[in-house]
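Everything below concerns the one structure shown next.
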Protein chains: 2
Amino acid sequence: METTQQAGEPGTAERRRRELLEAADRVVLRDGPKASMNAIAAEAGITKPILYRHFGDKAGLYQALAVRHTDALLDSLRAALDAPAERRSRVESTLDTYLAAIEARPQVYRFLMHPAEDSQAAEKGFDVGVHSAPLLRRLGEELADVIGERVDLGPGGERLARVWGHGIVGMMHAAGDWWLGERPCERAELVSGLTDLLWGRLATAGNRADGPGF
Amino acid sequence: METTQQAGEPGTAERRRRELLEAADRVVLRDGPKASMNAIAAEAGITKPILYRHFGDKAGLYQALAVRHTDALLDSLRAALDAPAERRSRVESTLDTYLAAIEARPQVYRFLMHPAEDSQAAEKGFDVGVHSAPLLRRLGEELADVIGERVDLGPGGERLARVWGHGIVGMMHAAGDWWLGERPCERAELVSGLTDLLWGRLATAGNRADGPGF
DNA sequence: ACCAGCGTGTTACTAGCGGTAACCCATACG
DNA sequence: CGTATGGGTTACCGCTAGTAACACGCTGGT
């Protein structure tokens, strides 16, 4: 219980918000992506309308939660990306950091990857896609920034960096998702395999003698 | 119509099934991934329980629909992958085929990418991840097969091929998703950018003179 | 002292979803 | 005839996200 204080205090609303987010975190960790607003409210010891006052709708709460986790994950990834080592080592340790994170908390990861994706905006008429997990988008943009500001890609390099950012993040995500589900190998093997791919081994590998060629 | 009783007559049930799937297709094309069972039943001119008799539950109908579209898409992709050309051209035309497909029917694409993902099995206790769109998994496995049977990857090549299959498909998917939402460039530019990435240009590109290096 | 107002919380509800039980009716078969 | 069986419906359940509308306690102005 919290000693009720005066109203003007700027911290109170934000503190409540944090408490609610932590409760939501606990529920998501326990129930996975099917966590309901009711369950979260109950875990927080309050009722639904309060949640809605704080976060608007389920997507809002999702977003707030996603920002938290994405921030944390991004910090780890940035640390790996900034470590003093040669480029390949950086990429490998970044991949490994990501995979370790999703391995450690698959429930949270699942929740982040599959947002509510309802929202309106779908009935606006000319909506097109615009979905996918915000987490992925953000990771892609971040990586694009890093690549764009550090690697010399010549003219049009900014656009190319963004393409690569989203492409690499997608590769990491899909491979990690598959790996988490089937566990076909050790984490290190996955990391080195993906890095080999990024290092162009597909281009240099020879055709199999017994195959139709590629 | 002959209405032969006894089992065997394969026409009637399967025909109904196809009609229902086509109706579902129409609704999904119109309403996107938020198409409801009610709406699909209405479009088909019947009521919900019939749908459930045919497909079990929503996931079943989703699966049937996904198989249809995935089959079609896979045929296109295989054609591109099998075309007589050098490896890089094949990869480019495969990417382009995929992107053209999602560009042509974004609604269907969205539906396929975000399955129901409910199911029980989440309350079994030790479930772990196991989700993601079946479409992506299937594409990944297919590509893994192609790579594994055509490219010589040395010892452990089968596992590496699977890693690459899922990784490349994920790259294609995420980049396509982002591109479809923001339309930052022409399709051809995206294709060549991704192919450059797969061809190891990240490894060979130099650092920017004005950056911290990578 | 009193009443306005605001923040914080509640109960009780709506609308719509996935899914199902129970009933309905025609047809083909003994 | 009777009856079983397949295609179909109505009417419901339990759940979800989301929303009034009302109730308490605290602050401050007059």
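Here the structure is a predicted model, which means the values were calculated and not measured. Below, chain A is the first sequence line, B the second, and so on; all start at residue 1.
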Pairing of A:D145 and A:R78 as salt bridge, 4.0 angstrom limit | no
By side chain to side chain donor-acceptor pair (under 3.5 Å), which residues pair with B:R68, not counting sequence neighbours?
-> none
Tell me, please, which residues at least two apart from A:D25 pass side chain to side chain donor-acceptor pair (under 3.5 Å).
-> A:H69
Look at the side-chain N and O atoms of A:R16 and state whether any lies under 4.0 Å from the OP1 or OP2 oxygen of C:dG9.
-> yes
How would DNA chain D look in dot-bracket form, 5' to 3', counting Watson-Crick and G-U wobble pairs with both distances under 3.5 Å and writing | for bases paired to another strand?
-> ||||||||||||||||||||||||||||||
Measure the distance from OH on B:Y52 to P on D:dA11 and round it to the nearest whole Å.
-> 19 Å
Can you name the residues that form a side chain to side chain contact (heavy atoms under 4.5 Å, CB included) with A:R88, not counting sequence neighbours?
-> A:E92, A:T195, A:D196, A:W199
Send over the distance from B:D31 CG to C:dG16 C1', rounded to a whole Å.
-> 14 Å
From CG of B:L51 across to P of C:dC17 the rounded distance in Å is 14 Å
Quickly work out the B:I50 CD1 to C:dG19 C1' distance and round it to whole Å.
-> 15 Å
Specify the residue among A:K48 and A:H54 whose closest nucleotide of DNA chain C lies further upstream toward the 5′ end.
-> A:H54
Any ring-ring contact (aromatic ring centres under 6.0 Å, His included) involving residues 29-50 of chain A? Give me the pairs, sequence neighbours left out, ordered by first then second residue.
-> none
Ordered by number, residues from residues 36-47 of chain A within less than 4.0 Å of DNA chain C (heavy atoms) are A:I46, A:T47
Would you kindly check whether a donor in the side chain of B:K58 faces an acceptor in the base of C:dG19, or vice versa, at under 3.5 angstrom?
-> no
For the pair B:Y98 and B:Y109, name the ring-plane relationship: parallel under 30°, tilted 30 to 60°, perpendicular over 60°.
-> perpendicular
Can you name the side chain to side chain donor-acceptor pair (under 3.5 Å) partners of B:E103, sequence neighbours left out?
-> B:R183, B:R187
Got a sec, which residues hit side chain to side chain donor-acceptor pair (under 3.5 Å) with B:E149, two or more places apart in sequence or on another chain?
-> none
Can you list the residues that meet the side chain to side chain contact (heavy atoms under 4.5 Å, CB included) rule with A:L29, with sequence neighbours excluded?
-> A:R105, A:V108
Side-chain donor/acceptor of B:R53 to base of D:dG6, under 3.5 Å | no
How long is the line joining CZ of B:R15 and P of D:dG7, in whole Å?
-> 13 Å
